[in-house]
Engineer: 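Attaching a single structure in structure tokens format; questions to follow.
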Amino acid sequence: MSKTTADLLPCGDPVQFLNEQGELTGPGEEAEARGYLMPSDEDLLAVWRQMVIGRRFDAQATALTKQGRLAVYPSSRGQDACQVAPVLALQEHDWFFPTYRDSMALVSRGLDPVEVLTLLRGSWHCGYDPVANNTAPQCTPLATQAVHAAGAGHGLARRGSDGVALCFIGDGATSEGDFHEGLNFAAVFNAPTVYFVQNNKYAISVPLAKQTKAPSLAYKGIGYGIRSEQVDGNDAAAVLAVTRAALEHASSGSGPFLIEAHTYRLEAHTNADDATRYRGSEEVAEWSTRDPIARLRTYLVGTGALTPEIEEEVTAAAESYAASLRERMNLEPEVAPLSLFEHVYAQPTPQLREQADLVRAELEEAQA
Amino acid sequence: MSTQSSGTVTMAQALNRALRDALTEDEDVLVFGEDVGQLGGVFRITDGLTADFGEERCFDTPLAEAGIAGFAVGLAMQGFRPVIEMQFDAFGYPAFEQVVSHIAKMRNRTRSMLTMPIVIRIPYAGGIGGVEHHCDSSEGYYAHTPGLHVVTPSTPADAYSLLREAISSPDPVVFMEPKALYWSKAELELPARTEPFGRAAVRREGSDVTLVAYGPQVPNALKAAEVAAEEEGWSVEVIDLRTLVPFDDETVAASVRKTGRCVVVSEAAGFGGVGGEIAARVSERCFHSLAAPVLRVSGLDIPYPPPMLEHTHLPGVDRILDAMARLQWDDQPDVAHLEVSR
Ligand SMILES: Cc1ncc(C[n+]2csc(CCOP(=O)(O)OP(=O)(O)O)c2C)c(N)n1
Ligand SMILES: [Mg+2]
């Protein structure tokens, strides 16, 4: 079955179900025809709940960075719908490929926040077990994970699983060669891989206009024969609906899917960045009015799904989540210099054993 | 498929047989890369694998080396054992980021929770009249990267045995195949098993000087040893490293302590390379046994030359003999020479 261009093209405008005021504006006929269905109130409530907790986590991580507990923290505040909804759409046996930006997504997948923050705390690199969690280490070399996700998707299919590989990537990283090689491999091998581009408008300081002349990043799928879509990334309902359709598309053997989510990074690139050097406060203020959490809250209060009692419970849950994280992160982490030699090869080489002896002697001398 | 075969075997045949036997023994082994399927690879190392094992097990990929290496990472995450081919040394460079940042580091990054049993086969080095970008000695880049094993056979028996070991290794292996030796032959019975990773082989015993070589330069070192014995009466020991990582300090140092002289032979450009590392290690370990400085014979510090000039670049038998002649046989330090040359 050959795909026509029309089958692959995204909607002309980003798919939106809830407008900035939280009013229901979709799904329209076009979105419905593409299989993007309005999620149930129950599912949206789960997304809202996790966004509240996720944002509290993000704020806590930022605070811990100011206190010197993290080496660096790239916040995803403002991108909460993108961080939470796609991950909640995953099944346990799906694989997730996050970047350095996606700590909120990782805790939303249920990973231990201290293990998630190990990388940024600096007590090791990846702190969680990728195999046990079906989650790759957070990827920092931009776009390299796009190819891993193609291979992992293909591997899942080879094993006869209906699992999908979900790959997160930033707008700037779509300029990297590996993004294109990943898309092409995924398409050629018909891999069940979903690429989710968080277009937060900047790659550190460089705006999207300097990355591409494409009308939308979603159009980058077309050349590879990949079905693509663009979505309002601050509308959690639409993000959930489109991601679900994409996962279903991939899982059922129809091949990869590319989603561009239009969103915005409200904080600087990381705590070490000064965003005032490249963008004005009006722009940030404007995007603040499109807040994904407030928008979904308004909608759910309107439908009656979100009651004051639930809101109180969720606020408390978020606070206790943050308190527990704070407490655990304020303990000095264990670091063991000799463990540096344990995970280079299955068996340390003779040269590594010699160097380990040297370090051991240094440590003993320091103790004496 | 795993029939005994014996008689004259080329290195290319031994490699092909190793891939066949690994594919037969382990369902999770996958062979892929550019032109490795129907064609059997540009050097025919994967000849017949697709026909015999099916497209599922040995397949062509799109033409993108980072893609091939990164795809292998994803498959390794799902428990497969990818054996990938970079068509030529210099065409492995697009994959460098995937090799260095992911394949080499994954075990370390995840405290051994996620490992990368991937073999990267790379036909390398020159001496075959190849035009530019087809003859690089790129082993130094990989040997300088912690987390990778770097292996380079010089005999058909080692080609078979080391490749089998590479494919069953729990860690990534950069398997560097000296193109110039693909058609070298040996009387051999396959499957052959030789010494494991990390053991150098003494290819010729001697008592006056040690030649340390690997990959494409091993035959030259052996030839030079023969000539030196005939013409100068020197008893030359020749060591074939077989694996650069892990490095066999023990065998090399034991030999140099015995002979008191050492020349390191490598085809790669000398500056900052594996040859210099070996020379330093020998000096550190054998200083009091040395009658002369450790010398290096390497390729020139130039981009690999065009075919009609490659003989100027390649360390041949004569340069190895010259180096041996400079080893202060009369205890007269040749200081002037050392100052102007290596
Ligand atoms: C290959 C590579 N080049 C450069 C960097 C440094 N770097 C880290 S994040 C970043 C910007 C990435 O922007 P984008 O893909 O839009 O993701 P975002 O940070 O906005 O989430 C850069 C240049 C890197 N990590 N990897
Ligand atoms: Mg960005």
Side-chain angles (χ1 to χ4, degrees), chain A residues 95 97 119 124-134 136-159 161 163 165 176-178 180-189 191 193 339-340 342-352 354, chain B residues 27-28 30 32 56-57 59-80 82 94-95 97-98 100-115 117 146-149 169-173 197-198 243 245-250 277 281:
Chain A
W95 268 70
F97 289 79
L119 169 75
W124 198 263
H125 308 298
C126 179
Y128 51 85
D129 183 337
V131 179
N133 292 291
N134 292 344
Q138 282 176 284
C139 190
T140 305
L142 295 172
T144 52
Q145 80 279 13
V147 209
H148 307 164
H154 178 59
L156 284 164
R158 273 183 170 271
R159 296 275 187 220
S161 159
E176 291 274 6
D178 279 17
H180 297 267
E181 296 192 20
L183 288 188
N184 192 44
F185 268 68
V188 168
F189 288 94
T193 303
S339 69
L340 290 171
E342 283 166 24
H343 307 290
V344 186
Y345 302 97
Q347 296 294 329
T349 59
Q351 291 73 24
L352 279 175
E354 271 177 26
Chain B
E27 281 288 311
D28 288 334
L30 304 175
F32 54 94
E56 282 293 294
R57 305 289 307 286
F59 50 91
D60 292 325
T61 65
L63 218 170
E65 293 76 13
I68 294 166
F71 204 64
V73 171
L75 282 163
M77 287 175 174
Q78 302 305 327
F80 291 96
E97 184 184 22
Q98 288 288 351
V100 172
S101 294
H102 293 295
I103 294 178
K105 290 181 184 165
M106 195 68 83
R107 172 187 288 281
N108 187 258
R109 293 168 65 208
T110 64
R111 278 179 283 205
S112 302
M113 291 184 277
L114 177 60
T115 56
L148 300 174
H149 289 306
S169 166
D171 288 309
V173 178
F197 282 13
T243 61
V245 183
F247 185 78
D248 186 353
D249 277 310
E250 224 172 280
E277 172 66 21
R281 303 187 78 83

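Labels below follow one simple rule: chain letters A, B, ... track the order of the sequence lines, proteins then strands, and each chain is numbered from 1.
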Engineer: Is it the side chain or the backbone of B:Pro170 that comes within 4.5 Å of chain A heavy atoms, both, or neither?
Structural biologist: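 When you check distances to chain A, only side chain atoms of B:Pro170 fall under 4.5 Å.
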
Engineer: Most heavy-atom pairs under 4.5 angstrom with chain A, which of B:Pro246, B:Ser169, B:Gly147?
Structural biologist: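 Of the candidates given, the most pairs with chain A belong to B:Gly147.
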
Engineer: Ignoring hydrogens and geometry beyond distance, is a side-chain donor-acceptor pair present between A:His148 and B:Gln98 at under 3.5 Å?
Structural biologist: yes

Engineer: Tell me, for A:Pro141 versus chain B, whether the close heavy atoms (under 4.5 Å) come from the side chain, the backbone, both or neither.
Structural biologist: both

Engineer: To the nearest 0.5 Å, tell me how far A:Asn134 CG sits from B:Met77 CE.
Structural biologist: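 With rounding to 0.5 Å, CG (A:Asn134) is 11.0 Å from CE (B:Met77).
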
Engineer: Nearest heavy-atom pair of A:Cys126 and B:Arg111: which atoms, and what distance?
Structural biologist: O-NH2, 3.9 Å

Engineer: With a 4.5 angstrom heavy-atom cut-off, is it the side chain or the backbone of A:Leu340 that approaches chain B, or both, or neither?
Structural biologist: backbone

Engineer: Please state whether the side chain, the backbone, both or neither of B:Ser101 comes within less than 4.5 Å of a heavy atom of chain A.
Structural biologist: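 Side chain of B:Ser101 only, per the 4.5 Å heavy-atom cut-off to chain A.
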
Engineer: Can you tell me which portion of B:Asp171 sits under 4.5 Å from chain A's heavy atoms? Options are side chain, backbone, both or neither.
Structural biologist: side chain

Engineer: Under a 4.5 Å heavy-atom cut-off, does chain B meet the side chain of A:Ala346, its backbone, both or neither?
Structural biologist: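 For A:Ala346, the contact with chain B is made by backbone and side chain together.
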
Engineer: For residues B:Leu114 and A:Pro137, report the shortest heavy-atom separation together with the two atoms involved.
Structural biologist: CD2-CD, 4.1 Å

Engineer: Return the minimal non-hydrogen interatomic distance between A:Asp178 and B:Ala66, and the atom names on each side.
Structural biologist: OD1-CB, 3.3 Å

Engineer: Rounded at 0.5 Å granularity, tell me how far CD in B:Glu97 sits from CD in A:Glu176.
Structural biologist: 6.5 Å

Engineer: Which pair of non-hydrogen atoms, one from B:Ser112 and one from A:His343, has the smallest distance, and what is that distance?
Structural biologist: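 That closest heavy-atom pairing would be OG-ND1, 2.6 Å.
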
Engineer: Does the side chain of B:Lys105 reach to within under 4.5 Å of the side chain of A:His125, using non-hydrogen atoms?
Structural biologist: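 B:Lys105 vs A:His125: side chains apart.
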
Engineer: Hey, which of A:Trp124, A:Trp95, A:Phe97 has the most heavy atom pairs under 4.5 Å with chain B?
Structural biologist: A:Trp124

Engineer: Which atoms of B:Leu148 come close to chain A, meaning under 4.5 Å heavy atom to heavy atom: side chain ones, backbone ones, both, or neither?
Structural biologist: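 Contact with chain A: backbone only.
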
Engineer: Taking all non-hydrogen atoms of both residues into account, name the closest pair between A:Cys139 and B:His102 and its distance.
Structural biologist: SG-CE1, 3.7 Å

Engineer: As an exercise, state the distance from OG1 of B:Thr115 to OH of A:Tyr345, rounded to the nearest 0.5 Å.
Structural biologist: 14.5 Å

Engineer: In terms of heavy-atom pairs under 4.5 Å with chain B, which of A:Thr144, A:Asn184, A:Thr349, A:Leu119 leads?
Structural biologist: A:Thr144

Engineer: Parallel, tilted or perpendicular: which describes the rings of B:Phe59 and A:Phe189, with under 30° parallel and over 60° perpendicular?
Structural biologist: perpendicular

Engineer: Does B:Glu250 CD have over 12 foreign heavy atoms under 6.0 Å away?
Structural biologist: no

Engineer: Would you find a donor on one side and an acceptor on the other, under 3.5 Å apart, between the side chain of B:Arg109 and the backbone of A:Gln138?
Structural biologist: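 Such a contact is found between B:Arg109 side chain and A:Gln138 backbone.
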
Engineer: Quick check on A:Asp129 against chain B: is it the side chain, the backbone, both or neither that has a heavy atom closer than 4.5 Å?
Structural biologist: both

Engineer: What heavy-atom pair brings A:Gly127 and B:Met113 nearest, and what distance separates the two atoms?
Structural biologist: O-CE, 4.4 Å

Engineer: Using a 6.0 Å cut-off, check whether atom CD of A:Glu354 has over 12 heavy atoms from anything other than its own residue.
Structural biologist: yes

Engineer: Whether the side chain of A:Arg158 engages the backbone of B:Glu56 through a donor-acceptor N/O pair (distance < 3.5 Å, no angle test) should be reported.
Structural biologist: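 Here the side-chain-to-backbone pair exists.
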
Engineer: Backbone N or O of B:Thr110 within a donor-acceptor pair of the A:Tyr128 side chain at under 3.5 Å?
Structural biologist: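 The answer is no, because no donor-acceptor pair under 3.5 Å joins these two groups.
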
Engineer: Rounded to the nearest 0.5 Å, how far apart are CZ of B:Phe197 and CD of A:Gln347?
Structural biologist: 13.0 Å

Engineer: Measure B:Glu27 against the heavy atoms of chain A and call it side chain, backbone, both or neither at under 4.5 Å.
Structural biologist: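 Neither; nothing under 4.5 Å.
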
Engineer: Taking side chain as everything from C-beta outward and backbone as N, CA, C, O, which of these in A:Val188 sits under 4.5 Å from a heavy atom of chain B? Side chain, backbone, both or neither.
Structural biologist: side chain

Engineer: Does the pair B:Asp28/A:Arg159 count as a salt bridge with the N-to-O cut at 4.0 Å?
Structural biologist: yes

